[in-house]
Asks: 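Quick one: this structure, given as structure tokens, is what I'll be asking you about.
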There are 2 protein chains.
Amino acid sequence: MKRADVLDVAMHAYWEEGPDAVSLNAICQKAEVSKPSVYREFGNEDGLTCAVLETYTEVVLAKMQAVLDGPGSFAWKIDEVARLAAEDALHTHGCLWVKMRAVKPQLGERTQGLVDLIQEATLAAFTRVLTEAQASGEWQGGIAVPLAAQYLHAQIGLALDMRGRGEDPRDVLAMALSVFRGNTASGR
Amino acid sequence: MKRADVLDVAMHAYWEEGPDAVSLNAICQKAEVSKPSVYREFGNEDGLTCAVLETYTEVVLAKMQAVLDGPGSFAWKIDEVARLAAEDALHTHGCLWVKMRAVKPQLGERTQGLVDLIQEATLAAFTRVLTEAQASGEWQGGIAVPLAAQYLHAQIGLALDMRGRGEDPRDVLAMALSVFRGNTASGR
DNA sequence: ATTTTTTGATACCGATTGGTACGAATAAAC
DNA sequence: GTTTATTCGTACCAATCGGTATCAAAAAAT
């Protein structure tokens, strides 16, 4: 029954201190569980980080997906996703997925695979939104959808990276996303 | 006389494998020097990473500064810096400074300070270029200079980060920098 | 109630980390 | 040529890493 506790402790530790800065020993200590228990439950460190990233995806990234796949205009979705990334308290310490991607080569193979998978899922979600917006005429910037999706993904990632470093990404993100609005927006 | 050798070996190791993925032991091995020699020359690990980052700044980042502070139109400088970041073989593995910034909390205090210093110097260089361009009328986008400088810095950093991950940043960077040209450029 | 199975943690493993004590070898001074 | 000073590297240090063998306690099954 401790599984959820361990996942929660590990998630926050990885999230706040960086995945490569937290040892498995430290997690056991913080979660007040023995190391063999963790190994019995998750197999190895890769299994733990993998499970943590899965949990994170369900808890946090699902909010992004919900915005993108839910109702609302194209403009609103862009604004809302930007707001989630750049302002929401949820990402005060940045995004765990972004941090994991940053140290991907040092993660286990399963976790690396999951990082890639999430990247593809996110890109797919952006692609869906853009395709819809183009079809409904809400957006037409003369930009190919795959490029626009990659661009959106990169800029959201940049904003989350900046938050992880303690910088305020709002102005930069607003400026970057202004290409979707046709004007050059003057910040917050 | 081995100082230069060690710095070279360490720089490339940090650069290609990531600063936190290379141990001091590994560097001694690769450079074929004893560990006490390294400690005699650099004091501790922080001293080594610091010296490496200094070398990197002189060797690599100086090229960026030269472009920004040298002659040439505003548009050319932007293009050239973008080309250096996104296409030049020099940054095939990304940028060592960007990689150090990404793991800043895990670096020694001196190295952390140097990372910040380089950030400020780079931002200052962008600010100078933008102020000049605004004064000469080469650029007026209704964007405040500090924000534009921060934006340029962030986007160049993003491009270098993408290269470090093996992605091609050219289209994304071109799109991001299009706000400085007034059109929405259609890629490479 | 006894046996079996599962859960738990202590205490260890070899490897590697950043860092150093100390003796051998070399260079400088006399 | 002998002595002094300095460079240099082997061999070590404690701490920590991811991972596990092993044994005690609790739960389940019989």
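Proteins come first, then strands; the chains are lettered A, B, ... in the order of their sequence lines, and each starts at number 1.
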Asks: Can a salt bridge be assigned to the pair A/E17 and A/K30 using a cut-off of 4.0 Å between side-chain N and carboxylate O?
Replies: yes

Asks: Under 4.0 Å, heavy atom to any atom of DNA chain D: which of residues 104-114 of chain B qualify?
Replies: none

Asks: Hydrophobic cluster membership, with links at side-chain heavy-atom distances under 4.5 Å among I/L/V/M/F/W/Y: are A/Y39 and A/V9 in one?
Replies: no

Asks: What's the CD-P distance between A/Q29 and C/dA9, to the nearest Å?
Replies: 14 Å

Asks: Salt bridge between B/K104 and B/D116, side-chain N to carboxylate O under 4.0 Å?
Replies: yes

Asks: Please list all pairs meeting salt bridge (Lys or Arg N to Asp or Glu O under 4.0 Å) that have one or both residues in residues 119-131 of chain B, counting only residues at least two apart or in different chains.
Replies: B/D69-B/R128

Asks: Does the side chain of A/E167 come under 3.5 Å of the side chain of B/Q150 through a donor N or O and an acceptor N or O?
Replies: no

Asks: I'd like to know if A/R83 and A/D79 make a salt bridge, using a cut-off of under 4.0 Å between side-chain N and carboxylate O.
Replies: no

Asks: Spell out protein contact along nucleotides 7-24 of chain D as letters: B when the base is contacted, S when just the sugar-phosphate is, - when no protein heavy atom is under 4.0 Å; keep the 5' to 3' order.
Replies: -BBB------BBBBB---

Asks: Going by the angle between their ring planes, with limits at 30° and 60°, are B/W139 and B/F180 parallel, tilted or perpendicular?
Replies: tilted

Asks: Without decimals, in angstroms, what is the distance between B/I27 CD1 and C/dT16 C1'?
Replies: 15 Å

Asks: Does a side chain donor of either A/D46 or A/Q112 reach within less than 3.5 Å of an acceptor in the other side chain?
Replies: no

